Q: 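Structure incoming, see below.
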Amino acid sequence: MLKLSLFQELEKELATHLRQHIEAVFGVEHDPVVQMSPRRELGDLAFPAALHLAKVLRRKPREIATELADGLRFPDSVSRVSVEGAGFLNVFLDRSALAARLIELPLFDETSSDEKPSEELRRLGEKIIVEHTNINPNKAAHIGHLRNAVLGDVLVRSLRRIGYPVEIQNYIDDTGVQLADAVVGFIDLRGMGLDEVAALPEPFDYTCWDLYSEVGRWYEGDDERKAVRRETLHALESDNGPRAEMGRLIARRIVSRHLATMKRLDIGYDLLTRERDILGLDFFENAFEKLKASGAVRLEADGKNKGCWVMPLSQSAEFAGLEDPDKVIVRSDGTVTYVGKDIAYQLWKFGLLGRDFDYVRWEEEGLWETASTGGIPSHPEFGQGKKVINVIDARQSYLQKIVRVGLESLGHADEAERSVHFAYEMVSLSRAAAEHLGYLSGEDENKSLEMSGRKGIGVKADDLLDQVEAKLREMVVERYPELDAESLDDLARQLAIGALRFFMVKATTTRVIAFDFQEALNFKGETGPYLQYSMVRERKIRRKLEDAGMATEVDAATVAGLDAELWSDDLWDLVLAAAQTPAVVASASKSLELSLIARQALDLAGKFHSVYQRHRILDETNESLRQVRMATVQVFRKSLLALLDLLGVPVPEKM
RNA sequence: GCGCCCGUAGCUCAGCUGGAUAGAGCGACGGCCUCCGGAGCCGUAGGUCACAGGUUCGAAUCCUGUCGGGCGCACCA
């Protein structure tokens with residue numbers, strides 16, 4: 001389906017070759033595994049086939065490997081074969097030939113790009129809908145939301161690079177309890193009217209951040225106040241009256257702020273899906289009827305869920321052992337829970353609802369939002385995804401499972417199968433960060449502290465961005481005191497984007513990030529700026545070559561003709577690592593482990609920095625040697641540029 | 001109680017479908033700029049891979065159990 005990269009093709013070819021050879025020599029069927037040899041002096045690719053065959057053949061692995069190596073004739077791309085270690089069959093590749101091919105061919109299939117997804121996949125209707133960010137529109141974005149948005153964005157970039165048509169949706173929960181709290185906060189706690197709230201200065205999301213935790217305290221132990229919240233929730237759902245109007249205003253202002261924050265990190269969307277429209281256009285009503293008809297939900301006559309419509313989960317093995325095996329879909333007061341709305345939303349994403357939203361343009365170019373009425377007729381097609389990936393933190397796994405069960409019980413098992421929850425662990429605050437911010441979580445130990453919008457605990461995304469930018473600006477000033485303010489800001493911004501985005505992607509998704517200021521504000525070692533610096537160095541070499549009137553690049557033909565012996569192991573190690581980039585990207589997007597992309601970039605940059613120190617290009621008088629080094633750097637550059645593009649790490653001119 | 005995740009160097013973490021002497025970064029210590037700019041490179045110190053069994057020619061990696069820690073099991077999302 002998707003095209004294999006040059007290197008993947010090579011691996012496959014050699015594996016097939018070996019497979020046939022094994023069958024010829026031993027009469028056994030065996031699919032050889034291909035690995036990278038740990039060090040270049042041992043070889044490039046390693047086949048542990050003999051180790052695996054030892055059991056079947058009842059012979060020593062090394063013996064088997066030697067026998068295999070003896071009569072083995074690989075294609076010309078292989079320069080020699082050797083037996084190493086316990087019985088690895090190692091392959092040395094023709095360095096000049098492979099390097100030439102890497103220079104000649106594009107890294108990824110160039111028939112596809114961001115703007116132009118692979119025609120084939122588009123024709124096949126392989127559109128993937130990625131939902132990410134999804135911040136409740138009642139407070140400022142914090143660094144936990146940043147992890148979500150960055151992961152979502154990197155996933156989108158990767159999928160698009162591979163060739164998939166992708167639609168990015170950002171779900172706006174504008175009929176939920178959290179927004180209701182903000183409405184109550186302004187109206188009942190602050191006693192403010194619509195005009196007053198509209199007139200509040202920016203940063204509006206910061207104002208709401210404080211208000212939100214205040215409202216939480218204001219409710220405590222007061223049933224009358226909580227009743228106000230319920231009324232407000234009703235008003236939001238029915239989209240009627242002054243409270244609904246207040247909700248609209250707050251949501252719009254907050255969303256606008258969230259989009260601005262994300263834009264600072266170069267993160268954008270295709271469509272804002274508003275929950276209000278899911279209700280307003282009776283999407284939920286429609287889905288609810290289907291659920292009722294299929295018997296997937298039932299009205300509770302008594303018990304603690306009396307008066308609620310619940311979805312029984314007890315028959316599903318996944319939910320065995322739950323204390324309460326039922327999930328409320330419609331509350332006893334008639335309002336709908338998040339899961340209920342999300343089932344309707346998920347159905348729409350797959351085109352299973354048989355109806356569509358109206359669409360209007362958001363303020364900025366290229367971005368649309370859903371509407372209940374008055375839509376623009378000429379809008380792009382939304383929804384109708386073949387596959388849906390929801391980027392939502394791991395704490396919501398239970399809810400995401402329920403949504404899938406909902407699809408299944410409506411007879412959409414295939415769609416349930418293609419509903420993917422991209423789960424990642426949360427961001428908490430390190431002990432030091434918590435202390436620094438004055439959230440002393442008791443006196444207890446070194447524990448990290450969970451962020452909470454409700455309690456007002458967290459680091460706001462914009463604050464962090466500001467801090468990172470300021471710190472980097474200082475570093476740039478130190479190095480380039482003569483720069484004007486605008487270029488300074490520009491550089492600092494690029495470096496900050498790189499630093500923050502990389503920070504969020506490099507962690508494996510299954511691990512909680514304990515956010516620490518010291519770590520986030522240190523730009524040495526495994527960081528975005530480390531990658532950026534390698535590109536700056538690479539650029540500088542080319543500029544210097546140009547200044548000296550020398551060629552800045554070598555062509556494939558020249559490289560192919562170079563003596564293979566000229567490639568020292570460290571240079572070759574970098575070339576070989578770079579060659580694997582497409583495979584890494586493919587594996588990262590398939591497994592949703594995007595840190596692989598970050599690791600690959602680090603690996604390449606590290607090898608480059610090391611090579612840079614050891615092998616000078618500019619003052620190398622041996623022309624062939626210089627060309628080998630230039631070729632190495634060219635291959636590196638192509639790969640790292642592609643990776644940085646996927647990571648959304650900008651490449652600065654200098655730093 | 002049940003479910004998911006984590007437990008590898010002082011700290012933060014990599015270690016792919018089991019395979020070649022367990023790797024980085026930060027911090028510590030010691031080197032390397034009359035420059036392709038030290039946001040870098042090289043080196044030293046630092047590890048009974050939580051613990052106990054099991055599977056295997058081979059286990060940080062797979063299985064079982066135990067002990068720590070985090071999260072979830074709302075008419076919040």
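Predicted model, so just to flag it, every value in this text is computed and none were measured. Just the heavy atoms: all of them, side chains too, but no hydrogens, waters or symmetry mates, feed the values below. Note on naming: letters A, B, ... go to the chains in the order of the sequence lines (proteins, then strands), and numbering restarts at 1 for each one.
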Q: Among residues 41-64 of chain A, which contact RNA chain B at a heavy-atom distance under 4.0 Å?
A: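 Close to the strand are A:A46, A:L51, A:H52.
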
Q: Does A:K607 come within less than 4.0 Å of A:D603, counting only side-chain N to carboxylate O?
A: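 Yes, this pair counts.
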
Q: Between the protein and nucleotides 4-11 of chain B, list every N/O to N/O distance that falls short of 3.5 Å.
A:
| unit_1 | atom_1 | unit_2 | atom_2 | d |
| --- | --- | --- | --- | --- |
| B:C5 | O2' | A:T510 | O | 2.6 |
| B:C6 | O3' | A:R511 | NH2 | 3.4 |
| B:G7 | OP1 | A:R511 | NH2 | 3.1 |

Q: Which side-chain N or O atoms in residues 582-591 of chain A pair as donor and acceptor under 3.5 Å with protein atoms at least two apart or in another chain?
A:
| unit_1 | atom_1 | unit_2 | atom_2 | d |
| --- | --- | --- | --- | --- |
| A:S589 | OG | A:V585 | O | 2.6 |
| A:S591 | OG | A:S587 | O | 2.7 |
| A:S591 | OG | A:E593 | N | 3.4 |

Q: Applying the Watson-Crick and G-U wobble criteria at under 3.5 Å, what pairs with B:A60? Answer none if nothing qualifies.
A: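 Pairing partner, where one exists within any strand: none, as none qualifies.
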
Q: For nucleotides 27-35 of chain B, give me every protein contact, N/O to N/O, under 3.5 Å, one pair per line with atom names.
A:
| unit_1 | atom_1 | unit_2 | atom_2 | d |
| --- | --- | --- | --- | --- |
| B:C35 | O3' | A:R616 | NH2 | 3.0 |

Q: Sort out the partner of B:C2 for me: Watson-Crick or G-U wobble, both distances under 3.5 Å, none otherwise.
A: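 B:C2 is paired with B:G72.
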
Q: Between A:R298 and A:D326, does at least one N-O distance fall below 4.0 Å, as a salt bridge requires?
A: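 Looking at A:R298 and A:D326, the cut-off is met.
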
Q: Around atom CG of A:D302, are there more than 12 heavy atoms of other residues, nucleotides or ligands at under 6.0 Å?
A: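 Open.
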
Q: Only counting residues at least two apart or in another chain, list the ones meeting side chain to side chain contact (heavy atoms under 4.5 Å, CB included) with A:K524.
A: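 Only A:N522 meet the side chain to side chain contact (heavy atoms under 4.5 Å, CB included) criterion with A:K524.
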
Q: Do side-chain atoms of A:D333 reach the backbone of A:T335 as a donor and acceptor pair under 3.5 angstrom?
A: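 Indeed, once roles are kept as given, a pair shorter than 3.5 Å links the two residues.
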
Q: If you measure from the Lys or Arg side-chain nitrogens to the Asp or Glu carboxylate oxygens, is any gap between A:K471 and A:E469 under 4.0 Å?
A: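 Salt bridge flag = no for A:E469 with A:K471.
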
Q: Do NZ/NE/NH1/NH2 and the carboxylate oxygens of A:E546 and A:R542 come within less than 4.0 Å?
A: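 No.
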
Q: Count the heavy atoms of every other residue, nucleotide or ligand shown that sit under 6.0 Å from NZ of A:K226, and state whether that count exceeds 12.
A: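 It does: A:K226 NZ has more than 12 such atoms within range.
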
Q: Under 4.0 Å, heavy atoms only, any strand: does A:D31 hit a base, just the sugar-phosphate, or nothing?
A: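 Nothing, no nucleic acid heavy atom in range.
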
Q: Please work out if A:H421 contacts a base, only the sugar-phosphate, or nothing of the nucleic acid, heavy-atom cut-off 4.0 Å.
A: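 No contact at all - A:H421 keeps every heavy atom at 4.0 Å or more from the nucleic acid.
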
Q: Both distances below 3.5 Å, Watson-Crick or wobble geometry, any strand: find the nucleotide opposite B:U44.
A: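 B:U44 is paired with B:A28.
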
Q: To the nearest Å, how far apart are A:H234 NE2 and B:C75 C1'?
A: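 Rounding to the nearest Å, NE2 of A:H234 and C1' of B:C75 are 11 Å apart.
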
Q: Can you list the residues that meet the side chain to side chain contact (heavy atoms under 4.5 Å, CB included) rule with A:R511, with sequence neighbours excluded?
A: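 With neighbours one apart ignored, the set is A:T508.
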
Q: Output yes if the stacking criterion (under 5.5 Å between centres, under 30° between planes) is met for A:Y533 over the base of B:G40, else no.
A: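 By the stated criterion, A:Y533 and B:G40 do not stack.
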
Q: Report the base-pairing partner of B:G7 (Watson-Crick or G-U wobble, both distances below 3.5 angstrom), or none.
A: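 Looking at the geometry, B:G7 pairs with B:C67.
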
Q: On RNA chain B, does the nearest nucleotide to A:C308 precede the nearest nucleotide to A:P38 from the 5' side, or the other way round? Give the residue.
A: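 That would be A:P38.
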
Q: Taking only Lys NZ, Arg NE, NH1 and NH2, and the carboxylate oxygens of Asp or Glu, determine whether A:K341 and A:E237 approach each other closer than 4.0 Å.
A: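 Looking at A:K341 and A:E237, the cut-off is met.
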
Q: For A:S37, answer base if it contacts any base atom (sugar-phosphate contacts may also be present), sugar-phosphate if it contacts only those atoms, and nothing otherwise; contact means non-hydrogen atoms under 4.0 Å.
A: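 Here A:S37 touches the bases of the nucleic acid.
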
